[in-house]
Amino acid sequence: MRMYDLIMKKRNGGELSREEIRFFITNYVNGTIPDYQVSALMMAIYFQKMTEAETYELTMAMAESGEMLDLSGIQGIKVDKHSTGGVGDKTSLALTPLVAACGIPVAKMSGRGLGHTGGTIDKLESFPGFSTALTIRQFEDNVNRIGIAIMGQTADLAPADKKLYALRDVTATVDNLSLIASSIMSKKLASGADAIVLDVKTGSGAFMKKEADAFALAEEMVKIGKSAGRKMKALITDMDQPLGSAVGNALEVKEAIHTLQGKGPKDFTELVYALGTEMLLLGGVAKNEQDAMDRLQGAVEDGSALKKLKEFVEAQGGDPRAVEDESLLPKASVAEEIPSPREGYVSSIVCDEVGICCLMLGGGRETKESPIDLSVGFELKKKVGDYVKKGEALAGIHSNDALKAKEATERFLKAYSFTDKKPENTKLIKGRI
Ligand code: URA
């Protein structure tokens, strides 16, 4: 088999066979096929697209390019959750202890933030001492003992995706539905869960800006998961403005804690309960939607979800007192208000811009190696549809550097638009697959 022939076949609109896909993945990972040939193939795929069968084979070849985690040592149906990423998306921080408190074993691999989106691992590191560098053994033991563990992705998990993603990133071939679906699902399948709930984001802060594209991506990923024998569910949810109020690592941790105390923002709470419901149903813990909601609300009201968060933080070396005492979380030296430049209704907030403003404060990475400031970020006091008077606070900004704060504030204000007429309510959950 020759890579040249595969490139030519795809370029001319042909369908690659399972053997051809396995050939290119195996030989790309072992270094036999060079980047320039794979770049050419990615570009051919970008223009010619892939069939469902090809997308499935690519996913499986990438998943099996490294270690396939065997979670059979963990009792119960393991339900994973994956978000395609966004701004203020602290869902895993509240959702995982909540469903663990309801009896779902949570054995989750998470990532760090990159670009304008945040990552669960960075956020969790706001708890002093917290570590996600667990061995597989510790990971399994923690799940069996307290029902929850989150670790960073091991170097050997879907290495083909790691290499391909880095290549796509620099060859303008990221935004192809089959390539995104196979990239995400290869990692999820290799992580070993029995069931997967996907939160596919759409809007200005998401990867899929258009709703129709988000639906198509969700459908494709659900099909792949089902073909691989996993139980699947996907929600398509709004990311046209930041989720909840907090954007920034430690601020988001606080908001997740408030949500487990029953006093979280409305949209974030709604999303956590909606995803939690799907997880409890797929995990066989709840009989129906109402039963799932009752269990989730019960775990918040009786404090067991918050208690689970403390156990989880402690089991991974963090200081559990920070769950009760927010002063133990990283805190920026300056907290100020950003006053509204005019009176009216907030009509839109360019979501990725808010993520970039947080990055400008030091709250995200420019490169994979950059250090991040966990304490900085924004607390949105006005969101789309809210009325604001001139001079009233639109948001709070938390910073450690006056110049960065000034620049970020100017850019933050440009992300907001106003109108005199009340805009229509936006729907948080746009669909279910
Ligand atoms: N996230 C991934 O893991 N892969 C993609 O291709 C896009 C988003």
Side-chain angles (χ1 to χ4, degrees), residues 21 25 28-29 35 38-39 41-43 45-46 49-50 54-66 69 80-87 89 91-92 108-122 150-193 196-210 213-225 228 230 232 234-237 239 351-352 355 364-365 368:
I21 289 172
I25 288 293
Y28 183 45
V29 173
D35 274 350
V38 179
S39 307
L41 182 63
M42 290 297 109
M43 195 54 89
I45 291 173
Y46 181 87
K49 311 209 168 14
M50 284 185 123
E54 284 177 305
T55 309
Y56 176 72
E57 291 304 340
L58 179 61
T59 309
M60 296 314 289
M62 291 205 293
E64 289 164 14
S65 67
L69 228 62
D80 200 352
K81 167 255 165 196
H82 179 83
S83 156
T84 56
V87 179
D89 187 0
T91 309
S92 292
K108 185 164 173 50
M109 292 220 175
S110 288
R112 295 192 181 276
L114 191 67
H116 74 275
T117 66
T120 300
I121 292 192
D122 296 327
I150 296 185
M151 68 185 286
Q153 264 163 14
T154 61
D156 200 31
L157 194 102
D161 173 63
K162 242 172 237 124
K163 241 182 133 171
L164 265 184
Y165 191 83
L167 188 73
R168 287 165 56 216
D169 206 17
V170 292
T171 54
T173 50
V174 171
D175 50 342
N176 167 276
L177 193 142
S178 293
L179 295 178
I180 296 175
S182 56
S183 165
I184 292 175
M185 288 306 292
S186 64
K187 286 174 284 214
K188 289 288 115 184
L189 297 179
S191 311
I196 302 163
V197 176
L198 298 168
D199 180 10
V200 181
K201 304 284 191 194
T202 178
S204 61
F207 216 62
M208 290 287 155
K209 309 278 180 220
K210 293 195 209 123
D213 292 343
F215 271 87
L217 177 64
E219 264 165 27
E220 189 79 36
M221 292 197 287
V222 165
K223 270 188 214 148
I224 293 171
R230 313 296 164 103
M232 298 293 301
L235 299 191
I236 294 88
T237 71
M239 192 33 80
C351 189
D352 49 359
R365 284 186 188 78
K368 274 199 166 122

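Every number for a ligand or one of its atoms is a count from 1 in the order of the listing. Not measured: the values here are computed from a predicted model.
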**Q.** Side chain K163, main chain Y28, donor-acceptor under 3.5 Å
**A.** yes

Q: Give a yes or no on whether the backbone of A193 and the side-chain of R230 come within a donor-acceptor separation of less than 3.5 Å.
A: yes

Q) Is it true that atom CZ of F207 has more than 12 heavy atoms of other residues, nucleotides or ligands lying nearer than 6.0 Å? A) yes

**Q.** Heavy-atom side-chain proximity of T171 to V38 below 4.5 angstrom
**A.** no

Q | Positive for side chain to side chain contact (heavy atoms under 4.5 Å, CB included) with T59, one of S178, S186, S183 | A | S186

One line per pair, note the atom names and distance for all nitrogen or oxygen contacts under 3.5 Å between ligand 1 and the protein.
from: ligand 1; atom 1: 3 (O); to: S183; atom 2: OG; distance (Å): 3.4
from: ligand 1; atom 1: 3 (O); to: K187; atom 2: NZ; distance (Å): 2.4
from: ligand 1; atom 1: 4 (N); to: S183; atom 2: OG; distance (Å): 2.6
from: ligand 1; atom 1: 6 (O); to: R168; atom 2: NH1; distance (Å): 3.1
from: ligand 1; atom 1: 6 (O); to: R168; atom 2: NH2; distance (Å): 3.0
from: ligand 1; atom 1: 6 (O); to: S183; atom 2: OG; distance (Å): 3.4

(Q) Rounded to the nearest 0.5 Å, what separates atom CD in E57 from atom CD1 in I21? (A) 6.0 Å

